[in-house]
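For reference, the structure is listed below as structure tokens.
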Amino acid sequence: MKIFIGSKNPTKIQAVANVFPKYQIEDADVPSNVSSQPFSDKETLEGAINRAKACASMEKNTIGIGLEGGVAEMDMGLFLCNWGALVDGNGNLFVASGARILLPDEITEELKKGVELGQVMDDYTKKQNVRKKEGAIGIFTNELVKREEMFTHVIKLLKGQSDYKKIQR
């Protein structure tokens, strides 16, 4: 079975490989059709679904996966959020969300100016490509939880739902 993941980001691709080790995994450059910095759960989820649907339509009987990171405003402040979507070979859609942490005020200020989180994190840490490595979650958890691990958890939630659906048929 083949899986298309709607991303070229190595942490997202590896997350899929961690959960689907026996599948052929191909990355695909598909649009999220949301802003480059999703600013709500709704928008972040929509981006993940759009990517999963686009991937699932690439070939018959394939799985499409979309993973999207974003931020969501809550009463306490701006939280890091992430969503995943999986469309199976029968067109069934499964969605899941993962870890959330409150972002520091200095990060929130830059995001509200319109700067994308990846750039904010590179500037904040004086590193390059944080989004392709430990991610903001890795920085703010002192690398106890890294981006790949966070997305692996979301993929497990998606696979578990999909597997459950199969045994219910």
Side-chain angles (χ1 to χ4, degrees), residues 4-19 25-58 64-87 93-158:
F4 285 99
I5 165 92
S7 179
K8 298 283 188 181
N9 187 304
T11 59
K12 293 179 182 181
I13 296 165
Q14 188 58 51
V16 175
N18 292 343
V19 180
I25 299 166
E26 292 192 26
D27 54 75
D29 192 11
V30 296
S32 67
N33 294 321
V34 297
S35 61
S36 60
Q37 179 56 67
F39 232 86
S40 68
D41 274 321
K42 181 180 178 187
E43 185 180 16
T44 308
L45 173 58
E46 182 182 336
I49 291 171
N50 290 342
R51 289 183 194 274
K53 286 181 176 179
C55 286
S57 70
M58 296 180 93
I65 294 179
L67 296 169
E68 196 75 24
V71 295
E73 187 79 50
M74 301 184 81
D75 290 343
M76 290 183 67
L78 201 60
F79 279 75
L80 183 67
C81 72
N82 56 87
W83 283 90
L86 182 152
V87 176
L93 171 67
F94 304 94
V95 298
S97 182
R100 294 173 181 269
I101 58 169
L102 182 63
L103 292 169
D105 291 340
E106 58 265 39
I107 302 300
T108 296
E109 290 170 16
E110 292 302 307
L111 290 169
K112 288 188 174 183
K113 291 178 187 174
V115 182
E116 191 176 339
L117 182 59
Q119 183 61 53
V120 173
M121 292 309 301
D122 285 358
D123 295 345
Y124 180 79
T125 61
K126 309 280 190 273
K127 296 181 179 181
Q128 291 184 339
N129 292 315
V130 169
R131 78 178 89 205
K132 293 183 178 182
K133 297 174 187 160
E134 67 271 61
I137 191 81
I139 299 298
F140 296 126
T141 64
N142 199 32
E143 295 198 32
L144 287 174
V145 178
K146 295 182 183 174
R147 193 165 200 238
E148 178 188 318
E149 180 183 3
M150 180 183 69
F151 278 121
T152 296
H153 183 251
V154 172
I155 297 294
K156 286 179 180 180
L157 295 170
L158 296 170

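- Using modelled atom types, no side-chain atom of S40 and backbone atom of A72 make a donor-acceptor pair closer than 3.5 Å.
- V145 is not listed as a side-chain neighbour of H153, based on a closest heavy-atom distance of 4.5 Å or more.
- In this structure, I155 and L67 have side chains that are in contact, with non-hydrogen atoms separated by less than 4.5 Å.
- Heavy atoms from other residues, nucleotides or ligands lying under 6.0 Å from NZ of K42 number 12 at most.
- Remark: side-chain polar atoms of Q14 are not paired, donor with acceptor, to backbone N or O of P10 under 3.5 angstrom.
- When all heavy atoms are compared, the tightest approach of A85 to V95 is CB-CG1, 4.2 Å.
- Between W83 and A48, the shortest heavy-atom distance links the atoms O-CB, 3.7 Å.
- Note: I49 CD1 to T44 OG1 = 11.0 Å, rounded to the nearest 0.5 Å.
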Full working for side chain to side chain contact (heavy atoms under 4.5 Å, CB included) between K127 and I139: CA-CA 11 Å; K127 296 181 179 181; I139 299 298; 4.2 Å; yes
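- For the pair E26/M58, no side-chain contact is recorded, criterion being any heavy-atom separation below 4.5 Å from C-beta on.
- We find the CG-CG distance between L45 and N50 to be 9.0 Å, quoted to the nearest 0.5 Å.
- Taking CD1 of I137 as the start and CE of M121 as the end, the distance is 10.0 Å to the nearest 0.5 Å.
- Residues R100 and C81 share a closest heavy-atom pair of NH1-CB, 3.6 Å.
- Scanning both residues, L102 and L78, for their nearest heavy atoms gives CD1-O, 3.6 Å.
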Salt bridge (Lys or Arg N to Asp or Glu O under 4.0 Å), that's the test. Do E109 and K112 meet it? Break it down for me. CA-CA 5 Å; E109 290 170 16; K112 288 188 174 183; over 6 Å; no
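- Side-chain atoms of D122 come within 3.5 Å of backbone N or O of N129 as a donor-acceptor pair.
- Applying the 6.0 Å contact sphere to CD of Q128 captures no more than 12 heavy atoms from other residues, nucleotides or ligands.
- For the pair L117/R131, no side-chain contact is recorded, criterion being any heavy-atom separation below 4.5 Å from C-beta on.
- The existence of a salt bridge linking K8 and D29 is excluded, since no basic side-chain nitrogen approaches an acidic carboxylate oxygen closer than 4.0 Å.
- One distance of note links CE of M150 with CG of L80; it measures 5.5 Å at 0.5 Å rounding.
- In plain terms, the two heavy atoms of G69 and K12 that are nearest each other are N-NZ, 4.5 Å.
- When every heavy atom of E43 is checked against every heavy atom of Q37, the shortest pair comes out as OE1-O, 4.3 Å.
- Between S7 and R51, the closest side-chain pair of non-hydrogen atoms is not below 4.5 Å.
- From I65, atom CD1 reaches atom CG of L86 across 4.5 Å, with rounding to the nearest 0.5 Å.
- Between I107 and F140 the shortest side-chain heavy-atom distance falls below 4.5 Å.
- Distance OG1/T11 to CZ/F151: 6.5 Å, rounded to 0.5 Å.
- Using a 4.5 Å heavy-atom threshold, the side chains of N18 and K156 count as separate.
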